[in-house]
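Below is one structure, written out as structure tokens; comments come after it.
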Amino acid sequence: MITQSQKIASILSNDLYKANLKCIEEAEADRIFCKHDMEHFNDVIKIAVHMAKKNHSHINEEWIYAAGLLHDIGRGKEYADGTPHDEASVEIARVILKESGFKAYERLIILNAIRHHRNKGPKPKLLIREKSLRSVLNKADKLSRKCYECKAADLCYWPMEKRNREDYFENR
Ligand SMILES: [Fe+2]
């Protein structure tokens with residue numbers, strides 16, 4: 001983690017957050033493909049923060065952290081009952097964000113980014129700052145994957161042209 005505000009520390013110590021992380025960890029214990037763990041969340045945050053700064057997007061960094069930590073938190077529910085994880089993540093994140101002290105308008109923006117981080121289906125029209133957060137989360141999520149050192153590359157469904165050939169920070 002790069003920095004921690006009180007609200008971000010609150011997410012990390014939230015019981016619902018920890019319980020869902022544990023569900024994901026157990027379900028992915030033997031997973032050969034990309035995992036959805038704290039390493040992934042931190043990678044997404046680092047890249048998203050860098051992209052936002054590079055683009056002069058002025059996105060609230062706390063929102064990037066919250067979205068990065070929570071965007072895949074519904075993975076455990078997806079493994080358990082088939083609920084798409086973007087939907088499940090929103091439902092879980094809604095509770096955690098409120099308990100962590102995020103204001104209603106902040107929750108709306110962060111939940112929108114989580115709901116549409118997979119870039120699937122129709123997207124709602126958003127204000128600039130909501131769109132920016134959604135955009136960096138979506139891009140950072142994909143750019144964070146270490147396809148160049150993946151042992152399951154032969155079995156991965158990602159098309160070759162979409163795979164990452166080097167670490168995001170390699171030439172930056
Ligand atoms: Fe992700």
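In this text the structure is predicted, and so the values were computed from the model without any measurement.
Taking 4.5 Å as the limit, some side-chain heavy atom of Phe169 sits within range of a side-chain heavy atom of Lys46. Residues Leu12 and Met38 form a side-chain contact, since some pair of their non-hydrogen atoms from C-beta on lies under 4.5 Å apart. For the pair His40/Asp141, a side-chain contact is recorded, criterion being any heavy-atom separation below 4.5 Å from C-beta on. Side-chain contact between Lys54 and Arg172 is present, with at least one heavy-atom pair separated by less than 4.5 Å. Between Cys150 and Arg163, every side-chain heavy-atom pair lies at or beyond the 4.5 Å cut-off. With a 4.5 Å cut-off on side-chain heavy atoms, Leu70 and Ile92 do not count as touching. Inter-residue side-chain proximity for Leu111 and Arg94 is flagged as met; some heavy-atom pair is nearer than 4.5 Å. Taking the side chain as every heavy atom from C-beta outward, Tyr168 and Asp43 never approach each other to under 4.5 Å.
Contact detail for Ser89 and Gly74: the closest heavy-atom pair is OG-N, 2.8 Å. Listed here is the closest heavy atom pair of Leu97 and Ala66: CD2-CB, 4.0 Å. Closest of all the heavy-atom pairs between Gly68 and Ile45 is CA-CG1, 3.8 Å. A pairwise comparison of heavy atoms in Leu69 and Tyr17 identifies O-OH, 2.8 Å as the closest pair. Nearest heavy atoms, Arg118 versus Pro84: NH1-CB, 4.0 Å.
Enclosure of atom CZ in Arg165 is not indicated, since only 12 or fewer non-hydrogen atoms of other residues, nucleotides or ligands lie within 6.0 angstrom. By the 6.0 Å contact criterion, NZ on Lys142 is enclosed, its count of non-hydrogen atoms from other residues, nucleotides or ligands being greater than 12. The local environment of CD in Gln6 is sparse, with at most 12 non-hydrogen atoms from other residues, nucleotides or ligands closer than 6.0 Å.
In the hydrophobic cluster analysis, where Ile, Leu, Val, Met, Phe, Trp and Tyr join through side-chain heavy atoms closer than 4.5 angstrom, Ile59 is grouped together with Tyr105. Following chains of ILVMFWY side-chain contacts shorter than 4.5 Å, one cannot reach Tyr148 starting from Val44, and the two form parts of different hydrophobic clusters. Hydrophobic clustering (ILVMFWY, side-chain heavy atoms < 4.5 Å, transitive): Leu137 and Phe41 are in distinct clusters. Both Ile110 and Ile64 sit in one connected hydrophobic cluster of ILVMFWY residues. Membership requires side-chain heavy atoms under 4.5 Å apart, directly or through other members. Both Ile114 and Ile11 are members of a single hydrophobic cluster when ILVMFWY side chains are connected at heavy-atom separations under 4.5 Å.
Atom NZ of Lys77 is separated from atom CG of Asn20 by 9.5 Å, given to the nearest 0.5 angstrom. The CD1 atom of Ile73 sits 13.0 Å away from the CD atom of Glu78 when rounded to the nearest 0.5 Å. Taken to the nearest 0.5 Å, the CG atom of Leu133 stands 9.0 Å off from the CG atom of Asn112.
Here the side chain of Asn164 pairs a donor or acceptor atom with the backbone of Arg145 at under 3.5 angstrom. For Asn14 (side chain) and Ser10 (main-chain N/O), no donor-acceptor pair under 3.5 Å exists by modelled atom type. Checked by atom type and distance alone, the side chain of Lys35 pairs as donor or acceptor with a backbone atom of Glu28 at under 3.5 Å. Using a distance-only test at 3.5 Å, with no hydrogens or angles considered, a donor-acceptor pair links the side chain of Arg31 to the main chain of Cys34. Under the 3.5 Å distance criterion, the side-chain polar atoms of Asn55 are left unmatched by any main-chain donor or acceptor of Ser57.
Under the 30°/60° scheme for interplanar angles, the aromatic rings of His71 and His117 are found to stand perpendicular. Ring geometry, His36 versus His85: the interplanar angle falls from 30° to 60°, so the pair is classed tilted.
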Intermediate values then yes/no, salt bridge (charged side-chain N to carboxylate O under 4.0 Å, His left out), Glu106 and Lys7:
CA-CA 12 Å; Glu106 295 182 295; Lys7 282 191 264 187; 3.3 Å; yes
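For the pair Lys53 and Glu61, the salt-bridge criterion is met [side-chain N within less than 4.0 Å of a carboxylate O].
No side-chain donor-acceptor contact under 3.5 Å links Tyr79 and Glu26.
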